[in-house]
Amino acid sequence: MVVPAAANGADQKPYEIPFFDFGAAGEEEMIAADGGARWREVCEKVREACETHGCFCFTTDKVTAKLREGMAEGLRQLFDLPVETKERHVSPKPYRSYLGKNDVVPYLESFGIDEQAPDVDDAAEAFTAVMWPQGNPEFREALSEMSAKMVELNLLIMKMLLTSYNLDDATSHVADTTASYLRLMKYKVPPAPPAADHYAGIGLLAHTDKNTVTILGQNDVQGLEIQPKDDNDSWVPVVIPEGAFVAIVGDALKAWSNGMVHSVRHRVVLRGEKERYTWGSFLMPKDDSTIEAPEKFVDKEHPLLYRGFTYAEFLSYFVSTLKDDALDVFAGLSTSPDVDDRDQLAVN
Ligand SMILES: O=C(O)CCC(=O)C(=O)O
Ligand SMILES: [Fe+2]
């Protein structure tokens, strides 16, 4: 396992990633407001952010402060349950079952919940019923509302990208071949610094997400760091404004776009004295849907970078190898990918 040299980035300046306020609007409202000018502008900016940074922050009125508080409170209750209860959440799929004890990421606890986008009520109901047989209606409602909103936002971001690339026609195909998965995470407080071993403080190892787009919400404890595009030596903290979400581009979207968008490497570093809680909605292609670049992304200047593949194949390759550069090695068509055997904890 390698922790990048700049593991202690406490003295670094926060890195500015684009920030958007989506306000109360979805696509229809934005178009209705002025015939589409604002919608187009937002789409362009979101595309630019995905190409240049592979991530951006945003706020939306669609998720109220009350819903966020309900979610954060529910997560505290969830992770405070006895270990035996948490261990009841099991799934045959990788990285879904309760993770509570792992030497590679000793401060992380997590659950993964598959949901059938956009109908997420049943998944929230089933999950809370296992954790609280006597019921926890407040959290069940918060979980189901939050995950529905996040799937909606994730699809909105996909739609913005399709619009910006003039691929609106593909919208219904994308919606039909898309699934989603919700991950609930708690990062414990590491031993007081200076920690004896240099892994202390690493909440989640460096990785790119394997899916299409991830949206993350957090409590008031920061910790996300990214590696700026074309700078493999630096790690910079991302300060997510209160009440905001961060959207992160994953490898499947990068492959589909023939490398137009950037799947940003990121990790979590813990520095504070408070637990960090996060929840992530992972939009991903359905297992058997093929990921291949539409013709418009491929020409003489932009030769095809990845062969077509299914998400299930790619994921199972990643899970069995945990290669840092799984996408290039698995599907890359260019010669000599930079093979790198750094250990990873697969997270999605
Ligand atoms: O918890 C976080 O802030 C990041 C989580 C993450 O990157 C992931 O689950 O893929
Ligand atoms: Fe991630």
Side-chain angles (χ1 to χ4, degrees), residues 4 9 14-15 17 50 53-58 68 71-72 75-76 78-79 93-100 102 104-115 146-147 150 154 157 180-190 201-227 235-254 261-272 274-284 315 318-319 322 324-327 342 344-348:
Y15 180 67
I17 64 169
C50 292
H53 301 278
C55 58
F56 60 87
C57 287
F58 68 93
R68 296 180 67 93
M71 187 72 187
L75 288 182
R76 272 190 291 277
L78 171 67
F79 286 104
K93 286 192 149 192
Y95 314 112
R96 302 314 199 255
S97 300
Y98 170 66
L99 171 98
N102 187 296
V104 182
V105 280
Y107 310 119
L108 174 68
E109 277 186 74
S110 74
F111 296 89
I113 306 170
D114 276 297
E115 19 180 59
M146 180 62 87
S147 59
M150 286 173 81
N154 236 330
I157 291 167
S180 74
Y181 147 60
L182 186 73
R183 199 167 145 86
L184 309 175
M185 287 156 278
K186 172 185 176 180
Y187 299 91
K188 286 169 249 184
V189 178
I202 298 289
L204 193 59
L205 299 185
H207 65 281
T208 54
D209 287 354
K210 302 296 166 255
N211 54 313
T212 41
V213 181
T214 306
I215 296 179
L216 280 173
Q218 64 176 30
N219 69 342
D220 57 349
V221 178
Q222 304 287 346
L224 186 67
E225 295 193 352
I226 61 162
Q227 206 161 53
W235 282 101
V236 287
V238 175
V239 178
I240 303 170
E242 198 191 328
F245 293 94
V246 61
I248 299 175
V249 170
D251 286 342
L253 193 64
K254 178 179 174 178
V261 295
H262 172 60
S263 57
V264 64
R265 280 183 99 216
H266 55 284
R267 67 180 188 180
V268 174
V269 177
L270 306 165
R271 299 199 173 84
K274 273 178 75 179
E275 283 102 7
R276 171 175 166 84
Y277 291 91
T278 58
W279 58 96
S281 175
F282 293 78
L283 208 67
M284 57 194 173
L315 214 57
F318 176 64
V319 169
L322 299 187
D324 195 40
D325 51 358
L327 177 63
R342 281 180 271 195
Q344 280 228 330
L345 178 79
V347 288
N348 46 68

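Both counts, for ligands and for their atoms, begin at 1 and track the order of listing. Atoms considered below: every heavy atom in the structure, side chains included; atoms not considered: hydrogens, waters and symmetry mates.
- When the heavy-atom distances from atom 4 (C) of ligand 1 to Thr278, Leu216, Leu184, Asp209 are ranked, the shortest goes to Leu216.
- At least one heavy atom of Arg276 sits less than 4.0 Å from an atom of ligand 1.
- Rounding to the nearest 0.5 angstrom, the gap separating the CG atom in Leu204 from the CD1 atom in Ile202 is 9.5 Å.
- The ligand atoms of ligand 1 that sit less than 4.0 angstrom from a heavy atom of Val268 are 1 (O), 2 (C), 3 (O), 4 (C).
- The contact set between ligand 1 and Met185, taken as ligand atoms under 4.0 Å from a residue heavy atom, comprises 1 (O), 5 (C), 9 (O).
- The proximity of Leu204 to ligand 1, defined as any non-hydrogen pair under 4.0 Å, is limited to the side chain.
- Close approach to Tyr187 involves these atoms of ligand 1, each under 4.0 Å from a residue heavy atom: 1 (O), 2 (C), 4 (C), 5 (C).
- A donor and an acceptor atom, one from each side chain of His207 and His266, are located under 3.5 Å apart.
- Put simply, part of His207 is less than 4.0 Å from ligand 1, judged by heavy atoms.
- Note: Ile113 CD1 to Phe282 CZ = 12.0 Å, rounded to the nearest 0.5 Å.
- Taking the six-membered ring for Trp and thresholds of 30 and 60 degrees, Tyr98 and Phe111 have ring planes inclined between 30 and 60 degrees apart.
- Per-residue contacts place Phe282 under 4.0 angstrom from the following atoms of ligand 1 (heavy atoms of the residue considered): 8 (C), 9 (O), 10 (O).
- Set against the non-hydrogen atoms of Arg183, the atoms of ligand 1 under 4.0 Å away are 9 (O).
- Minimum-distance N/O/S atom of Asp209 relative to the Fe ion (ligand 2): OD1.
- Listed by atom number, the atoms of ligand 1 under 4.0 Å from His266 heavy atoms are 7 (O).
- Contacts with ligand 1 closer than 4.0 Å are made by no heavy atom of Ile248, backbone or side chain.
- Formation of a donor-acceptor pair under 3.5 Å by the Arg265 side chain with backbone atoms of Trp235 is not found in this model.
- Separation of atoms CD (Glu242) and CG (Asp220) is listed at 7.0 Å; rounding is to 0.5 Å.
- Rounding to the nearest 0.5 Å gives a distance of 8.0 Å between OG1 of Thr278 and CZ of Arg183.
- A donor-acceptor pair is defined here as one N or O able to donate and one able to accept, closer than 3.5 Å; such a pair exists between the side chain of Thr212 and the backbone of Leu283.
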